[in-house]
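Values below: all heavy atoms of this structure, side chains included; hydrogens, waters and symmetry mates excluded. No experiment lies behind these values; they were computed from the predicted model shown.
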Amino acid sequence: MTHSTSQLFALVDVNNFYVSCERVFNPKLQNRAVVVLSNNDGCAVARSNEVKALGVKMGTPWFQMQDLARKHKIIALSSNYTLYGDMSNRVMTILRDYSPHVEVYSIDESFVSLNGMRGMWDSHSVMGQDIRQRVLQWTGLPVCVGIAPSKTLSKLANHLAKKKPEFNGVCDLTALCESETRTYFSSLDVGEVWGIGRRISERLRNMGIDTVQALRDTSPKDLRQHFGVVMERTVNELNGVSCLSLDEVSPAKKQIISSRSFGTLVTTYKELREAVSTYMLTAAEKLRQQDSICSAVHVFIHTNRFREQDAQYSNGMTVPLTEATNDTRRLIAAALYGLKRIYQPGYLYKKAGVMLLDLTPASVRQASLFRGFDDRSDKVMQVMDSLNESNGRNTIYLASAGIQHKWAALFESKTPCYTTRWEDVPKAR
DNA sequence: TCTGGGGTCCTAGGACCC
DNA sequence: TCTGGGGTCCTAGGACCC
């Protein structure tokens, strides 16, 4: 890269994260074709390299790949989010040993700032290899590292580190000369660029811009006319001008969603009420965890759009709260108020969900005009949360959430919580 | 039979105001 | 013939991400 800059980022990303987590605890999965399925065992959300090589795309419904699965002995596992979350924390902790400035971007990847670290290592690649080796040794997970002067470029470098064997898992774009970079970028589809999705890459291709290099060679100002500021920033980033900074502290969520597809189709109001109440337990807990209150609740339900023979219905309702709260009981009451108004009998419902909107910090809550602060509410919620934390989920909940949950999603091939439940910790023999 | 879930940001357009 | 125009706020929807 010819562009000089004071910024330097490493993007560290776990390969095939969910599958790799499963392999750590079940070595028989090594070198086998493995997928991890989404909720309800619906779609493949993680694929081993063997499965990717078969051409299976991200999000392919499991039932659609049955033939392929039989033929190639693909192993399908239900997702085990508790395990993945714990493994993720372990990786991120290791990364913080390398740099004080880490942005955890998603469950399986982090941006690490390398600013001011020149001289601490023989080269950035040496450091990258050290990261790979240590993460593998301490967690059993394989990672790749991409190093570049902007976030967007570090994502591409990471992509090259994964795809091109000559990099051996670490690609430092600053170590390449311009002509090498051009060659690599000319071989990459424009859709590989972070922020260029399906729609935009289609439009770009129609304009004759079909590789990363072609996009990089286009004037950012011109592209802004067609695509807006985000595109302009992306092209600048591709040219080594860092426009996106490291966000080390994750800001509080602006909305919280909890929704699930049902394991079976649901018709009655009673079952929907149970589901909506159950989802709200989760959402409200998250709300309190980030110390926020919310002043509006959205509830939605819909039928299965893939079953074209069925009558379709989809509706949602936003219910404003007279007073911002994080009390599960009030939030459930609001959601059920909305549900009662949108529920129509006679449909086969597939999914329901709740959203908490207009979130604000609990610390700036205004006293209710009529009742003052509701200390009792806070205390009840604290007791509920601490019981559920120490004694396991759903130790205590509200009656409207019901008990049977015949509608609950299926997880037929879920692996044990190896790292977070004592009963599930692997035993050495 | 069987098709995920949880987020963010930006923009266009309508409502409303002066 | 031809009936203002500009600013702000809000929301819905699009597009993207993992």
Neighbour count above 12 (heavy atom, 6.0 Å) for A:Lys52 NZ: yes
Side chains of A:Gln133 and A:Gln137: any donor to acceptor distance under 3.5 Å? yes
Is the A:Tyr313-A:Tyr343 ring centre distance short of 6.0 angstrom? no
Rounded distance [0.5 Å steps], CD1 in A:Ile200 versus CE in A:Met231: 5.0 Å
Sub-4.0 Å heavy-atom contacts from residues 59-81 of chain A onto DNA chain C, ordered by number: none
For the residue pair A:Tyr84 and A:Tyr81, categorise the inter-ring angle as parallel (less than 30°), tilted (30 to 60°) or perpendicular (more than 60°). perpendicular
Would A:Asn16 and A:Ser48 count as having a side-chain donor-acceptor pair, cut-off 3.5 Å? no
State, without any angle test, whether A:Glu237 and A:Thr152 hold a side-chain donor-acceptor pair at a distance under 3.5 Å. yes
Nearest 0.5 angstrom please: A:Ile257 CD1 to A:Leu356 CG, how far? 9.5 Å
Nearest nucleotide by nearest heavy atom, which residue falls closer to the 5' end of DNA chain B, A:Gly228 or A:Asp41? A:Asp41
Counting only non-hydrogen atoms, which of residues 255-281 of chain A are less than 4.0 Å from DNA chain B? A:Gln255, A:Ile256, A:Ile257, A:Ser258, A:Ser259, A:Arg260, A:Ser261
Nearest-Å distance once atom C1' is located in both C:dG4 and B:dC17: 14 Å
What's A:Asn40 touching, base or sugar-phosphate or nothing? Going by heavy atoms closer than 4.0 Å. nothing
Using only heavy-atom distances, determine whether the side chains of A:Thr268 and A:Glu271 contain a donor-acceptor pair under 3.5 Å. yes
Residues from residues 186-206 of chain A lying under 4.0 Å of DNA chain C - heavy atoms: A:Val193, A:Trp194, A:Gly195, A:Ile196, A:Gly197, A:Arg198, A:Arg199, A:Ile200
Is a side-chain donor-acceptor pair under 3.5 Å present for A:Asn236 with A:Glu232? no
Tell me, which of residues 303-310 of chain A have any heavy atom that sits under 4.0 Å from an atom in DNA chain B? A:Asn304, A:Phe306, A:Arg307
If you measure from CG on A:Asp378 to CG on A:Asp327, what distance do you get to the nearest 0.5 Å? 8.0 Å
Using a heavy-atom cut-off of under 4.0 Å over every strand shown, decide if A:Asp108 touches base, sugar-phosphate, or nothing. sugar-phosphate
Let me confirm one number: the NZ-CG distance from A:Lys253 to A:Leu287, rounded to the nearest 0.5 Å. 12.5 Å
Donor-acceptor pair, distance only, cut-off 3.5 Å: does the side chain of A:Tyr349 make one with the backbone of A:Ser314? no
Give DNA chain B the dot-bracket treatment, 5' to 3': Watson-Crick (N1-N3 with N6-O4 or O6-N4) or G-U (N1-O2, O6-N3) under 3.5 Å, [ ] crossing, | other strand. ....||||||||||||||
Looking at A:Thr174 and A:Ala148, would you say the former's side chain and the latter's main chain have a donor-acceptor pair under 3.5 Å? no
If the plane angle is over 60° it's perpendicular, under 30° parallel, otherwise tilted; pick one for A:Tyr105 and A:Phe111. perpendicular
When you check the side-chain N and O atoms of A:Ser150 and A:Ser242, is any donor under 3.5 Å from an acceptor? no
Indicate whether the side chain of A:Thr419 and that of A:Asp86 have a donor and an acceptor atom separated by less than 3.5 Å. yes
N/O donor-acceptor pair under 3.5 Å between A:Lys162 side chain and A:Asn15 backbone: no
Taking any atom under 4.0 angstrom from a heavy atom of chain A, which nucleotides of DNA chain C are the first and last to qualify, 5' to 3'? C:dA15 to C:dC18
